[in-house]
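Report on the structure given below.
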Amino acid sequence: MYEQSSNLAIDSQEMEIDEMVNVVGERFCMPYTMELLVKKKLQSFTKCQYEVFDATGNLLLHVDGGVWNFHKKRVMRDPAGLPVATLRSKSNAIRIKNNHDVYLGKGFKEQGRDFHVSASMSSLSFQVNRGDTVIAEVNHNFTWESCKGKETFRVKVYPDVDYAFIVTLLVVVNENDGP
């Protein structure tokens, strides 16, 4: 199980870390840098959807679920609609933070954090570090579409890093700490 300092949990099929930063699944780890486009669309007051595209416009993942519902449950699916991971809130507390420590597995606090997310207070952009190494960067630019409930994120995931895990962090950071 994935634990994060702002009381969120992510259940997925595989949650072990090896040299290639394999969190959600090895099939999401590419041997090259991936440039992703993530589009967030607010479908109603209680529901939003994220779609993840590669550089050529192919749909890789989508995340749907409630924004303001009681359980705050979101499901990440592959293009065929099969579940990849479930994201759910463990607390309804609202926390505005720009830095997050990410812990994986049991006894997580004894060994220290596995990842660190450093976000900007002035935008929804952030970077993900494993130790001193940047493993992914998420960039967001506020546009007029942002006022209409449509956000666009450009994501750079470095080689052998699980891009589904990075998208999961994007959803967690954006939904819990976004303005």
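All values below were derived from every heavy atom in this structure, side-chain atoms included, with hydrogens, water molecules and symmetry-related copies excluded.
Residues S125 and V138 have side chains not in contact (no heavy-atom distance under 4.5 Å, counting atoms from C-beta outward). With a 4.5 Å cut-off on side-chain heavy atoms, D64 and R77 count as touching. Looking only at side-chain heavy atoms (C-beta outward), M34 and L60 come within less than 4.5 Å of each other. Residues F28 and V84 meet the side-chain proximity criterion, which asks for heavy atoms closer than 4.5 Å.
Rounding to the nearest 0.5 Å places CD1 of I166 at 13.5 Å from NZ of K156. For the atom pair L59 CG and L37 CG, the distance stands at 11.0 Å (nearest 0.5 Å). Between the CG atom in L61 and the CG atom in D54 there is a gap of 10.5 Å [rounded to 0.5 Å]. Here the CD-OG1 distance, from E51 to T152, works out to 10.5 Å after rounding to the nearest 0.5 Å. Separating the NE2 atom in H62 from the CZ atom in R74 is a distance of 14.5 Å, to the nearest 0.5 Å. Of the inter-residue distances, the one linking R154 atom CZ with H140 atom NE2 reads 11.5 Å to the nearest 0.5 angstrom.
M30 and V24 end up in the same hydrophobic cluster when Ile, Leu, Val, Met, Phe, Trp and Tyr side chains are linked at under 4.5 Å. Y32 and V157 fall within a single hydrophobic cluster, where Ile, Leu, Val, Met, Phe, Trp and Tyr side chains are chained together by heavy-atom contacts under 4.5 Å. In this structure, V63 is a member of the same hydrophobic cluster as V155, with clusters built from ILVMFWY side-chain heavy atoms closer than 4.5 Å. Taken together through direct or relayed side-chain contacts under 4.5 Å among Ile, Leu, Val, Met, Phe, Trp and Tyr, F165 and Y163 form part of one hydrophobic cluster. Both F115 and F153 are members of a single hydrophobic cluster when ILVMFWY side chains are connected at heavy-atom separations under 4.5 Å.
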Side chain to side chain contact (heavy atoms under 4.5 Å, CB included) between V171 and M76, intermediate numbers included: CA-CA 10 Å; V171 172; M76 178 182 289; 5.8 Å; no
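For Y50 and E151, the side-chain atoms include no donor-acceptor pair closer than 3.5 Å. At a cut-off of 3.5 Å, with distance as the only test, a side-chain donor of Q127 or N129 sits close to an acceptor on the other residue.
Nearest approach of L42 to C48, heavy atoms of both residues: CD1-CB, 3.8 Å. Of all the heavy atoms in P159 and T33, the pair that sits closest is CD-OG1, 3.3 Å.
Side chain of D114 to main chain of R130: no donor-acceptor pair is present (N/O by atom type, distance under 3.5 Å, no hydrogens or angles).
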